[in-house]
Amino acid sequence: MDTRYDHNRSEAEIYESWENSGFFNPDNLSGKPFTIIMPPPNANGSLHIGHALFVTLEDIMIRYYRMRGRKALWLPGADHAGFETQVVYNKKLEREGRSFWDVPKKDLYDEIKKFTLENKQYMESQLRKLGSSCDWSREKFTLDEDIKDIVYETFESLYKDGLVYRAERPVNWCVKHQTTLSDLEIKHEERADKLYYVKYSLEDGNGFVEIATVRPETIPADVAVAVHPKSRFKEFVGKNVLNPITGKPIPVISDASVDPDFGTGALKITPYHDSADFNIWVAHKKEIPDLPVSVIDRYGKLTDEAGKELRDLKIKEARDKSLELLGNKLIKEEEYSHEVAVCYKCGSVIEPRVMMQWFVRMTDAPAKGKSLRDLAVNAVKSGKIKIIPARFGKVLMHWLMNLRDWNISRQIVWGIRIPVWYCENDHVIISEPVPEKCPECNSNNFKAEEDVFDTWFSSGQWPFATLMTKRGDFQKFYPTDVMETGWDILPFWVMRMIMFGIYRTGKVPFKTVYLHGLVRDKDRQKMSKSKGNVINPLEVAETYGMDALRMSLIIGNTAGMDPIISEDKIRGYRNFTTKIWNASRFVLMDYTEPEKKPKLSARDRKNIRDMEAAKNKVSRFIEKFDFNHAAETAYHYFWHTFADVVIEESKPRLKSDNERDAAAARETLVTILLGSLKMLHPFMPFVTETVYQELPKKVRREKFLMVEHWQ
RNA sequence: GGACGGUUAGCUCAGUUGGUAGAGCGUCUCGUUUACACCGAGAAGGUCACAGGUCCGAGUCCUGUACCGUCCACCA
């Protein structure tokens with residue numbers, strides 16, 4: 001054995017031999033299946049420390065259960081990550097001095113595809129470096145044709161069941177990215193604005209209603225004024241007031257959702273630029289003669305409907321101009337701090353717009369069966385899905401109870417096109433590619449739906465979609481055992497996988513959800529490129545070894561907690577790697593295979609039992625998803641029992657003239673070493689496998705430690 | 001405005017049915033022996049945020065308070 005362990009050389013070699021062995025593929029294993037579907041990383045950049053964390057957690061489980069004699073499947077994948085990737089690519093073009101909007105759509109798609117596939121390949125090489133013992137032969141990409149076909153089927157089935165519908169409704173529009181976003185993709189930020197108090201005079205000249213607004217530029221789109229039934233303006237209900245900018249009469253209506261204590265207790269109703277207003281408008285359509293109009297276009301500019309004074313102005317300019325137009329109808333303005341919806345990516349203010357979009361119905365089931373929400377609620381409540389840590393079960397419930405219908409249409413190029421065609425008579429045909437003729441009117445003149453799916457609509461189907469693409473896999477591996485992912489995507493992904501999984505297959509997609517946290521630096525800061533505190537997992541692994549990095553991500557971390565990681569910590573586990581190497585080297589230094597099995601002393605037998613006890617403890621911890629204590633137990637046993645005590649005590653015996661006793665000592669050491677390597681292998685696969693390959697053939701039962709039997 | 005989490009040794013964190021406080025790193029002292037100084041032996045260091053309560057007994061359960069953090073939210 002070399003005096004020093006060269007992790008850089010060893011890791012690459014070992015991984016290659018594992019991969020070539022075929023044991024990553026469960027078809028070459030026997031036993032009861034154990035399945036994890038890997039959360040497919042976004043193929044739009046390189047892997048960060050968070051990926052290293054999830055890979056380590058999942059690899060620990062897979063390696064452990066593989067050694068326990070299970071048919072272990074870890075199915076890897078990559079996500080095209082529609083909007084996310086488009087944003088990344090947009091920035092890349094900006095850096096290159098090109099404009100995203102000048103590239104023709106078709107070319108853009110091809111460019112992003114090329115970019116994504118390159119990244120995907122790079123990412124796969126990084127996953128290998130991390131030690132992922134996943135089955136590459138089953139790797140899936142979210143844009144694979146067979147995956148897309150399953151996504152289309154789900155969409156069609158949802159449509160037939162009335163769980164997907166198309167409607168003109170208020171949606172979140174990002175002016176910068178030129179697309180709608182789901183409610184989950186917007187954040188709320190505190191902004192300092194002004195609250196303007198505006199006088200809406202009664203048509204009959206007898207008084208006025210005072211209204212507070214932050215958006216005077218939308219006044220031309222007002223269709224009514226709403227007051228609380230008990231407000232001081234209640235006597236005006238049924239009368240008309242004059243729009244203070246256009247002069248048009250609009251009715252005063254009464255609605256209980258107006259807060260009598262906020263502002264003036266009266267609200268202007270601008271249905272196309274505020275979703276609350278839209279709901280009030282829907283409820284009071286009969287009392288409101290005017291149809292709503294849009295006065296702000298997709299670029300955030302005022303439209304013709306806003307009148308010639310405001311037309312073509314940007315929102316901010318239009319705001320100033322509208323104040324000018326209000327003249328003495330502007331009573332006062334006050335400083336006002338409030339929460340504004342912004343795009344989670346670029347931070348620009350989300351413009352509520354009313355658009356024709358596709359929605360998934362979440363909370364009721366018009367046709368048959370249970371709502372998507374209820375499917376998920378029942379699975380969680382009944383315990384068919386266990387969530388670790390348990391408190392996230394409550395968080396998930398909270399999400400489920402507050403669901404609204406989900407807008408799945410995106411006006412971006414990078415994604416799976418919604419497989420819908422509209423014939424000239426406006427019939428909807430779900431098909432891909434284009435149908436021959438409309439089944440309802442036989443027309444063969446179609447207009448394609450141009451929007452693509454929200455990425456989460458397709459990735460929400462990942463567990464069953466991936467397994468349905470290979471014959472026999474679904475029956476064998478579904479439901480999967482564990483879904484291991486970050487708590488930050490609980491509502492985006494986990495919740496939807498549960499709903500779609502049960503909807504499509506009648507079974508939960510996974511039995512346990514294990515949620516990890518966000519990796520932070522030693523000052524508890526989120527890692528980001530702009531803060532310069534990013535730890536590149538591949539770089540630190542080159543310095544300290546992947547085993548050290550893996551240990552530092554696991555130890556001192558519990559489910560759902562944000563792990564803290566620093567270079568000091570990684571260095572500490574590098575020292576442990578060295579310790580494993582040197583202790584092993586010592587044990588194997590003078591090891592000679594005994595001609596007959598030496599008789600072990602009572603003390604020897606006890607030492608071996610202690611090792612077995614530690615190994616059993618590791619098993620129990622892993623099975624309880626307590627990886628922290630599992631790793632700590634193995635670490636502590638190896639260093640402070642095996643190395644510090646057992647090896648030290650053996651030294652005089654090894655030196656002594658009593659050859660029988662020396663042989664017993666050697667035998668004990670090598671037995672304990674093998675057991676120790678096993679219990680450390682899930683956590684530190686590289687160094688343990690490297691040492692295993694140095695063990696004498698008679699001691700080894702298998703070609704690889706990876707497939708040694710745990711016991 | 002709601003919800004959730006945290007507060008334990010200088011630092012980062014464990015503490016699984018309530019039973020006299022644990023680990024790693026750091027600090028200090030000593031030590032070079034058949035692996036390893038990326039080492040060994042040993043030591044110091046905590047009124048478990050605060051205030052009540054339940055209990056024979058509370059870091060652990062209950063109530064409240066403070067501070068820190070996170071998430072959600074159509075009060076214009």
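In what follows, chains carry the letters A, B, and so on, assigned in the order in which the sequence lines appear, proteins first and then strands, with residues in each chain numbered from 1.
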Please check the phosphate of B:C39 (OP1 and OP2 only) for any side-chain N or O of A:Asn575 closer than 4.0 Å. yes
So is A:Lys579 actually on top of A:Trp581's ring, under 6.0 Å and inside 45° of the axis? no
Lys/Arg N to Asp/Glu carboxylate O, A:Lys332 vs A:Glu210, below 4.0 Å: no
Any side-chain N or O of A:Thr558 below 4.0 angstrom from OP1/OP2 of B:A14? yes
Among A:Asp604, A:Asn658, A:Thr668, find the residue that satisfies the side-chain hydrogen bond (donor to acceptor under 3.5 Å, both in side chains) test when tested with A:Arg653. A:Asp604
Answer with base, sugar-phosphate or nothing: what part of the nucleic acid does A:Trp581 contact at a heavy-atom distance below 4.0 Å? nothing
So, does A:Lys579 get its side chain near the phosphate of B:G40, meaning an N or O under 4.0 Å from OP1 or OP2? yes
Salt bridge present between A:Lys345 and A:Glu185 (N-O < 4.0 angstrom): no
A:His636 side chain N/O closer than 4.0 Å to the phosphate oxygens (OP1, OP2) of B:G22? no
Report yes if at least one side-chain N or O of A:Arg404 is closer than 4.0 Å to OP1 or OP2 of B:C74; otherwise report no. yes
If you compare every side-chain N and O of A:His188 against the phosphate oxygens of B:A73 (OP1, OP2), does one of them come in below 4.0 Å? yes
Measuring to OP1 and OP2 of B:A76, would you say a side-chain N or O of A:His338 lies under 4.0 angstrom away? yes
Expressed in angstrom and rounded to an integer, what is the separation of A:Lys651 atom NZ from B:G40 atom C1'? 9 Å
Whole angstrom value for the distance that separates C1' of B:A73 from CD of A:Glu339: 9 Å
